[in-house]
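Shown next, in structure tokens, is the structure this report addresses.
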Amino acid sequence: METNELIVTVLATILTTVISYCGHLLAKNSQALTILRAIEPLAKDAVVAAQKLGVTEYLTGAAKKNHAVQAVAQALLNAGFDVKDEQIIVNAVEKAYAEQKKLLDQYPQKEKE
């Protein structure tokens, strides 16, 4: 009987550990999914804002992109999300720019003096 109790105790401990680990993974994936859902509209707004900024002052394309990336990163940080891989934000900003190219063309950019 002691052997059976020992086996049940070991299996219960292993099962508890596995369930806890799976719960941790699900929570982590849920946060990642939330970030991915939030990043697209943030990137679209940041790209438009950067483009509008170029109307009043001369900005290179790289400067506008950097401005948009920093705006998205700050918005995510303010919402409590810390994105370690900035390339995710850069990709979202580039995608937003490509998808809104026609919309962005309506904002004439200030020329270099």
Side-chain angles (χ1 to χ4, degrees):
M1 194 71 163
E2 289 180 17
T3 305
N4 286 343
E5 289 176 6
L6 179 62
I7 291 172
V8 169
T9 302
V10 169
L11 288 176
T13 304
I14 291 171
L15 185 59
T16 302
T17 304
V18 169
I19 289 173
S20 175
Y21 178 73
C22 289
H24 174 71
L25 286 179
L26 286 174
K28 197 172 183 181
N29 287 338
S30 175
Q31 184 178 17
L33 185 58
T34 301
I35 290 171
L36 290 176
R37 285 183 180 155
I39 203 167
E40 187 175 337
L42 289 173
K44 286 183 178 183
D45 291 345
V47 166
V48 171
Q51 187 74 7
K52 286 181 178 180
L53 190 59
V55 171
T56 57
E57 60 184 85
Y58 174 75
L59 289 175
T60 64
K64 286 188 268 186
K65 177 180 170 182
N66 186 48
H67 183 273
V69 168
Q70 295 306 316
V72 172
Q74 187 61 49
L76 288 172
L77 197 59
N78 291 346
F81 298 110
D82 185 21
V83 178
K84 305 266 190 254
D85 185 3
E86 192 174 275
Q87 190 60 43
I88 294 169
I89 298 172
V90 170
N91 292 344
V93 166
E94 289 174 353
K95 179 182 176 197
Y97 178 80
E99 289 176 348
Q100 300 183 101
K101 184 75 172 105
K102 289 186 179 184
L103 171 70
L104 299 175
D105 286 344
Q106 72 181 352
Y107 302 109
Q109 299 300 289
K110 185 170 183 171
E111 297 296 321
K112 187 175 181 179
E113 295 176 2

Which pair of heavy atoms, one from A46 and one from A71, lies closest together, and at what distance?
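For A46 versus A71, the nearest heavy atoms are CB-CB, 4.1 Å.
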
Which pair of heavy atoms, one from L104 and one from Y97, lies closest together, and at what distance?
CD1-CD1, 3.3 Å

Check the hydrophobic clustering (I, L, V, M, F, W, Y; side-chain heavy atoms under 4.5 Å; chains of links allowed) and say if [X] and [Y] are grouped together.
{"X": "V83", "Y": "V93", "value": "yes"}
{"X": "V72", "Y": "L103", "value": "yes"}
{"X": "V69", "Y": "L59", "value": "no"}

Applying salt bridge (Lys or Arg N to Asp or Glu O under 4.0 Å), name anything that partners K44, two or more places apart in sequence or on another chain.
E40, E99

In Å and rounded to the nearest 0.5 Å, what is the [atom1] to [atom2] distance from [X] to [Y]?
{"X": "R37", "Y": "L42", "atom1": "CZ", "atom2": "CG", "answer": "14.5 Å"}
{"X": "I89", "Y": "I39", "atom1": "CD1", "atom2": "CD1", "answer": "5.0 Å"}
{"X": "F81", "Y": "T34", "atom1": "CZ", "atom2": "OG1", "answer": "5.5 Å"}
{"X": "N91", "Y": "I88", "atom1": "CG", "atom2": "CD1", "answer": "8.0 Å"}

Contacts of type side-chain contact (heavy atoms from CB on, under 4.5 Å), residue Y107, not counting sequence neighbours
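For Y107 the side-chain contact (heavy atoms from CB on, under 4.5 Å) partners, ignoring immediate neighbours, are V48, Q51, K52, V55, Q109.
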
Take V90 and K65, measure what side chain to side chain contact (heavy atoms under 4.5 Å, CB included) needs, and give me the verdict at the end.
CA-CA 8 Å; V90 170; K65 177 180 170 182; 3.7 Å; yes

Take H67 and L53 through the side chain to side chain contact (heavy atoms under 4.5 Å, CB included) test and state the conclusion after the steps.
CA-CA 10 Å; H67 183 273; L53 190 59; 3.7 Å; yes

